[in-house]
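Numbers for residues simply follow the sequence, beginning at 1.
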Amino acid sequence: MTSTTSDEKATSCPLMAKSSRQRLVSKDGRSLMRTNAGHRETCLGALRDMWGTWLALRWRWVVLAFCSSFLLHWLVFAVLWYLLARLNGDLDVPDHDNPPPGHILCVKHVNGFTAAFSFALETQLTIGYGTMYPVADCPLAIALLALQMLLGLMLEAFITGAFVAKFSRPQKRCGGILFSPQALVCEVKGQRCLMFRVCNLLPRPLVDVCVSAVLYEERDHHIHQTAMDFTVDDLGSRPCPIFLSPLTFYHPLTPSSPLNSAFPPASQSHFELVVFLSASQESTGSAYHKRTSYLPEEIQYGSCFTKATTLHRKGRSKTESMLYFETLPCPLPNTHSIDAIEKDNVVVQINGEGSDQVE
């Protein structure tokens, strides 16, 4: 009976079922959605957006592509220089310092493939020619030299720009921004609220901290998105002026809240709350972006965060900062008793005029 019920739930909510495996966004902010495009369409899309594909690669593949691209470039032009020397008859000249009368060499002392590879390497890296150098009286050598230099400069510009862009990606600079592993539901000033906490381990404080959230629910076999507002204390919609670790963000669970129908935890609704944080560095203006997600089982009811005290010393570790995410029990009022009291209140109207409240 249990397996049948779980199968029925998985069939009714195929996109949000088995949330531990099929969540939309991982806890560290990586998107886990996969398109249904075929292999051919995927490869064509990657070729059309080579820059985005390059930046999305892991560092191990970037380093491998860096080494492979230069080695391939040197190898291709080594073959071209070797073919030029063979077609020009330079390989048959025993002494390049004393060529036969009437024979014009294209590249001095390129008498084999190893020498051609070395010449292509020296040309690309501009480390200076020694005994091997192109002869000005050979137009094909000058043309091939110009082609190699142009393609080599383009390759170096692309590789250098890609490395700088990969180092400066906003999401990769946010390793020191930590979200609480779980969101909490408790009473704050008489209002039931959903809250999470963010800790900043970066050496410098951030400014203009903005947080937004989107609630993803499956409705009629498609994912429905609803915006949710989180605030710090009484700032409202204004951004937090400075990120002093840690910050606790609140969302009141009013009757108009999109999460109100998903609570209490006995509800069978499937949803995922994705939280987006953006900030900037005061000294450089660099942007920082971080995101995470919370599933229904990652929300604690009747708990609140412990009092946060900022450590004013250097060298805080992630283990120490996890103390900011410790929780305390915070009993929630019994909503069923409140509903019963409201049901006992009856309003009586006689002939449409006047009203008396009978309890």
J.: Taking the side chain as C-beta and beyond, is there a heavy-atom pair between Thr306 and Phe325 under 4.5 Å?
T.: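 Heavy-atom side-chain distance check fails, nothing below 4.5 Å.
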J.: Looking at side-chain heavy atoms only, is the closest gap between Leu253 and Val185 below 4.5 Å?
T.: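 SC-SC contact between Leu253 and Val185 confirmed.
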J.: So which heavy atom on Leu144 is nearest to which on Leu84, and how close?
T.: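 Answer, listing the atom of Leu144 first, then Leu84: CD2-CD2, 4.2 Å.
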J.: Look up atom CZ in Phe70 and atom CG in Leu125, then write down how far apart they are to the nearest 0.5 Å.
T.: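 Rounded to the nearest 0.5 Å, the CZ-CG separation comes to 8.0 Å.
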J.: Distance check, rounded to the nearest 0.5 Å: Gln281 atom CD versus Leu202 atom CG?
T.: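 Rounded to the nearest 0.5 Å, the CD-CG separation comes out at 8.0 Å.
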J.: What is the distance from atom CG of Leu273 to atom CG of Leu24, rounded to the nearest 0.5 Å?
T.: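 So the gap between those two atoms works out to 11.5 Å.
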J.: State plainly whether one hydrophobic cluster holds both Leu235 and Phe243, where clusters connect Ile, Leu, Val, Met, Phe, Trp and Tyr through side-chain heavy atoms under 4.5 angstrom apart.
T.: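 Yes.
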J.: Restricting to non-hydrogen atoms, name the atom on Val207 and the atom on Glu282 that form the minimum distance, rounded to 0.1 Å.
T.: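 Heavy atoms of Val207 and Glu282 come nearest at CG1-CB, 4.0 Å.
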J.: Can you get from Leu151 to Leu153 by hopping between Ile, Leu, Val, Met, Phe, Trp and Tyr side chains that sit under 4.5 Å apart?
T.: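 Cluster IDs for Leu151 and Leu153 differ.
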J.: Could you report the tightest heavy-atom contact between Ser180 and Tyr294, atom names first, then the distance?
T.: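 Minimum heavy-atom contact is O-OH, 2.8 Å.
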J.: Checking side-chain polar atoms at under 3.5 Å, does Gln182 have a donor or acceptor matched by the opposite partner on Glu298?
T.: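 Checked: Gln182/Glu298 side chains show no N/O donor-acceptor pair below 3.5 Å.
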J.: Can you find a heavy atom in the side chain of Met132 that is under 4.5 Å from one in the side chain of His109?
T.: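 Yes, close enough: below the 4.5 Å cut-off.
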J.: With rounding to the nearest 0.5 angstrom, report the CD to CD distance, Gln124 to Gln148.
T.: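 Here the interatomic distance stands at 6.0 Å.
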J.: Taking the six-membered ring for Trp, are Phe77 and Phe119 closer than 6.0 Å centroid to centroid?
T.: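 Ring-ring flag for Phe77/Phe119: false, centres at least 6.0 Å apart.
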J.: Out of curiosity, Tyr301 OH to Leu194 CG, how far, rounded to the nearest 0.5 Å?
T.: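 One gets 8.0 Å once the value is rounded to the nearest 0.5 Å.
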J.: Decide side chain to side chain contact (heavy atoms under 4.5 Å, CB included) for Phe271 and Leu295; before the verdict, give the C-alpha distance in whole Å, the side-chain angles of both, and the deciding distance to 0.1 Å.
T.: CA-CA 6 Å; Phe271 65 87; Leu295 299 175; over 6 Å; no
J.: Taking all heavy atoms of Ala120 and all of Trp81, pick out the closest pair and write down the distance.
T.: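 So the minimum-distance heavy-atom pair works out to CB-CD1, 4.0 Å.
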J.: Do the non-hydrogen side-chain atoms of Phe249 and Val198 ever get within less than 4.5 Å of each other?
T.: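 Phe249 vs Val198: side chains touch.
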J.: Is Leu184 close to Ile299 at the side-chain level, that is, under 4.5 Å between some pair of heavy atoms?
T.: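 SC-SC contact between Ile299 and Leu184 ruled out.
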J.: Between Trp59 and Phe163, is a ring pair (Phe, Tyr, Trp, His ring centres under 6.0 Å) present by the stated rule, with each step listed?
T.: CA-CA 10 Å; Trp59 273 109; Phe163 266 85; 5.6 Å; yes
J.: Taking all atoms of both residues into account, what is the closest heavy-atom pair of Ser69 and Ile159, and its distance?
T.: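 Nearest heavy atoms, Ser69 then Ile159: OG-CD1, 4.1 Å.
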J.: Does Phe230 reach the side chain of Tyr250, with side-chain heavy atoms less than 4.5 Å apart?
T.: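 No - every pair of side-chain heavy atoms lies 4.5 Å or more apart.
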J.: Verify the distance criterion only: is there a donor paired with an acceptor across the side chains of Gln225 and Glu217 at less than 3.5 Å?
T.: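 There is no such pair (donor and acceptor under 3.5 Å, judged by atom type) between the side chains of Gln225 and Glu217.
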J.: Is the number of heavy atoms from other residues, nucleotides or ligands within 6.0 Å of OH (Tyr133) greater than 12?
T.: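 Check fails, neighbour count at 12 or below.
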J.: Is there a continuous path of hydrophobic side-chain contacts, each under 4.5 Å between heavy atoms, that joins Ile142 to Val107?
T.: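 The answer is no; the residues belong to distinct hydrophobic clusters.
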J.: Would you say Leu80 ends up clustered with Leu145 if hydrophobic residues are merged whenever their side chains have heavy atoms under 4.5 Å apart, either directly or through other cluster members?
T.: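 Leu145 and Leu80: one cluster.
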J.: Using side chain to side chain contact (heavy atoms under 4.5 Å, CB included) as the criterion, point out the one residue from Asp208, Leu206, Val209 that pairs with Cys240.
T.: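 The passing option is Val209.
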J.: Please report the shortest heavy-atom distance between Pro99 and His96, naming the atom on each side.
T.: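 Closest approach of Pro99 to His96, heavy atoms only: CD-O, 3.6 Å.
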J.: Once you find the SG atom in Cys138 and the one in Cys106, is the distance between them below 2.5 Å?
T.: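 Answer is yes: Cys106 pairs with Cys138 in a disulfide.
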J.: List for me each residue that meets salt bridge (Lys or Arg N to Asp or Glu O under 4.0 Å) alongside Glu187, sequence neighbours excluded, and say none if there are none.
T.: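 Applying salt bridge (Lys or Arg N to Asp or Glu O under 4.0 Å) to Glu187 gives Arg192.
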J.: Please walk me through it: do Val275 and Arg291 pass side chain to side chain contact (heavy atoms under 4.5 Å, CB included)?
T.: CA-CA 5 Å; Val275 180; Arg291 64 187 175 189; over 6 Å; no
J.: Should Val25 and Ile223 be counted in the same cluster of Ile, Leu, Val, Met, Phe, Trp and Tyr side chains packed under 4.5 Å apart?
T.: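 Per the 4.5 Å side-chain linkage, Val25 and Ile223 are co-clustered.
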J.: Roughly how far, to the nearest 0.5 Å, is the OG1 atom of Thr292 from the CG atom of Leu178?
T.: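 So the CG of Leu178 and the OG1 of Thr292 are separated by 10.5 Å.
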J.: Check whether the side chains of Glu272 and Ser293 place a donor and an acceptor atom closer than 3.5 Å, and report yes or no.
T.: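 Present: a donor and an acceptor within the cut-off.
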J.: Should Met195 and Cys186 be marked as a side chain to side chain contact (heavy atoms under 4.5 Å, CB included) after you check the CA-CA gap, both sets of side-chain angles, and the distance that decides it?
T.: CA-CA 8 Å; Met195 64 178 67; Cys186 69; 3.2 Å; yes
J.: Go through it in stages, so that I can follow the logic: the residues are Cys330 and Ser303, the test is side chain to side chain contact (heavy atoms under 4.5 Å, CB included), and I'd like the CA-CA distance, side-chain angles, deciding distance and then a yes or no.
T.: CA-CA 5 Å; Cys330 179; Ser303 299; 5.7 Å; no
J.: Please tell me if the side chains of Leu201 and Ile177 come closer than 4.5 Å, counting only heavy atoms from C-beta onward.
T.: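 Side chain of Leu201 against side chain of Ile177, heavy atoms only: no contact under 4.5 Å found.
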J.: Any side-chain heavy atom of Val232 sitting closer than 4.5 Å to one from Thr248?
T.: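 No, too far: nothing below the 4.5 Å cut-off.
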